[in-house]
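Worksheet: one structure, shown below.
Within every chain, numbering begins at 1; the chains are lettered A, B, ... in the order of the sequence lines, protein sequences first and strands thereafter. Only this structure's heavy atoms are used, side chains among them; waters, hydrogens and symmetry mates stay out.
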Amino acid sequence: MISTTNKNKQAEPNNKKLQKPNVFEAKGFNLWYGEDQALKNIDFDIAENNVTAIIGPSGCGKSTFLKSLNRMVELVPTVKMAGEIQYRGKNILSSKFGVEELRTKVGMVFQKPNPFPKSIYENVAYGPRIHGIRDKVTLDQIVETSLKGAAIWDEVKDRLHENAYGLSGGQQQRLCIARCLAIEPDVILMDEPTSALDPISTLKVEELVQQLKQNFSIVIVTHNMQQAARISDKTAFFLSGELVEYNDTDVIFSNPRDNRTEDYITGRFG
Amino acid sequence: MGFINHEKVAGKMASRTAKNSFVKGLFLAATLFGLVVLAILIYRIITQGIGYLDGDFFTNFASRRPENAGIKAAIFGSIWLMAVAAPVSIILGVGCAIYLELYAKKNKFTRLIQMNIANLAGVPSIVFGLLGLTVFVRMLEMGRSVLAGGLTMSLLIVPIIVVASQEALRAVSKDIQEASYGLGATKWQTIRRVVLPAAVPGIITGVILALSRAVGETAPLIVIGALSFVAFVPENIWSGFTVMPIQIFNWTSRPQTDFHDVAAAGIVVLLIMLLLMNSIAVLIRNKFSKRY
């Protein structure tokens, strides 16, 4: 799948697929940590019900961009942003846009599995609870549906009220995905979700991503280029805070148009 | 390479292992020293005070005759004082810690406040006594009341509670806080449902340690004018009062040696009260650690 020899750059991107509406549109987006500019003039459209992968070497800004999409990046006190990111046509950087509302629509799965030190049930019920659902029957349904959606129900259904820390790393990460599904988001952001997992758990999460894209738009940051090639529909390559190339995944990995992309995916640096 | 001469290494091995066991013995001795001194102290006060530790000791008030002297007024005084000091200092201390740790921007000004709180925790207690005398007893005209005493004690222990609570809050994993924000929780929801449950064991430990210190403090209460010969139980927050350490201090400074044995009995009661408070702290902490 990864071509190392093809030098004939084909200019035409693959446009055969049906055009899907965009969930995110970044326009001239810039971000600074204090004085350091981490993202430079990013223009980036993310389509609905796609898996969009972001690849690039460490420190290229890919995680920063992902965290800008649900404004988690603002937890860093020195952060400054300029430009525009539209979510379904509304600028999320405007002060009028409520950050809690945004994060309810745009869920996130983190690099390290981070379940709460509570029971499996309470972990999944946390999101619905903070959004005001108290009814026990409804909560039970949400928990079951979400755990099934994250392909972990069969493993945990008999011990829902045990502490989530008793699960293995891979199970914890799928629990975190279930917790994210429980708030019924529109988009799921995944920040290197398998980097702390063993190969078998990684495979399960990857299969899960394939299922989830039927109902959710997924943006996934990954270090692992094979992973991006396996699971994504579109791939973006970031380097030093710039979006170097963005195209259909098979085009990026077979006919990259930019030399830097080709160098990266063929392992010449990074 | 030949940098390691194995014969030399073997020759020095004996002295190295000797040093190794020597320091182990040294540290063990350091530990035992404290334990032995504590054992002697407890043995002394128990043998001295056991004769006076009977039912009457808990139901009698102060008296000129050692056989009639009791600690009732002091026990109730201490309890009343805690009843005022504990809620005030917990609300102020934990609230301040939450603000500084989770809300305040980290800049020069907050660092200055931070440093001053840490310093306040080390200020001699008599200074707080003078502060209490000036502000509560005189300026706010509370007199030598339980209220004035309790508020003075709060001043003394709030910095300790702030520092301990801040450490407990800081130790809460940032990952689970991010998880909560990522699900659309507000700051308060995150604090209430994620941060506080994880920090409560540490906060409670700090609070109980601070209260234990307050129970044993004498100097600030003497400064604000707590009584030392009291034949009544405080009726409300405006009553005069005495507390256990003051009562014990009063007994030890009497010329009759019999009163020194009464003081020993008082110390036993004080130690038991402190032990009880610490056990409660451990119980609460274990309960919370299990739940979360």
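Residues of residues 166-177 of chain B that come closer than 4.5 Å to chain A, counting heavy atoms only, are B/Asp175, B/Ile176, ordered by residue number. Close approach to chain B, defined as a heavy atom under 4.5 Å from one of its heavy atoms, is seen in A/Cys180, A/Ile183 of residues 180-198 of chain A, taken by number. When the heavy atoms of residues 86-107 of chain A are compared with those of chain B, the residues falling under 4.5 Å are A/Glu100, A/Arg103, A/Thr104, A/Val106, A/Gly107, listed by number.
Proximity to chain B (any heavy atom under 4.5 Å) is restricted, for A/Phe110, to the side chain, taken from C-beta onward. Contact of A/Arg71 with chain B is not made at all, since no heavy-atom distance falls under 4.5 Å. Heavy atoms closer than 4.5 Å to chain B are found in the backbone of A/Pro115, but not in its side chain.
Counting all heavy atoms, side chain and backbone alike, A/Ile130 lies closest to B/Gly184 at CD1-C, 4.1 Å. Smallest separation of non-hydrogen atoms from A/Arg179 and B/Ala179: NH2-CB, 3.3 Å. B/Val194 approaches A/Tyr126 most closely through the heavy-atom pair CG2-OH, 3.3 Å.
Around the CG atom of B/Leu112, the shell of radius 6.0 Å holds more than 12 heavy atoms that belong to other residues, nucleotides or ligands. Environment of CD in A/Glu35: sparse, with no more than 12 heavy atoms of neighbouring residues, nucleotides or ligands closer than 6.0 Å. Remark: B/Ile126 CD1 is loosely packed, at most 12 non-hydrogen atoms of other residues, nucleotides or ligands lying under 6.0 Å away.
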Using a 3.5 Å cut-off and no angle test, enumerate the donor-acceptor pairs between side-chain atoms of residues 20-34 of chain B and protein atoms at least two apart in sequence or in another chain.
unit_1, atom_1, unit_2, atom_2, d
B/Ser21, OG, B/Thr17, O, 3.0
B/Ser21, OG, B/Ala18, O, 3.3
B/Thr31, OG1, B/Phe27, O, 2.9

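Taking 4.5 Å as the limit, every side-chain heavy atom of A/Met108 sits out of range of all side-chain heavy atoms of B/Glu178. In this structure, the side chains of B/Ser180 and A/Phe116 come closer than 4.5 Å at one or more pairs of heavy atoms.
Once rounded to the nearest 0.5 Å, the distance linking CG of B/Leu183 with NE2 of A/His131 reads 6.5 Å. One finds the CZ atom of B/Arg193 at 9.0 Å from the CD atom of A/Glu122 (value rounded to the nearest 0.5 Å).
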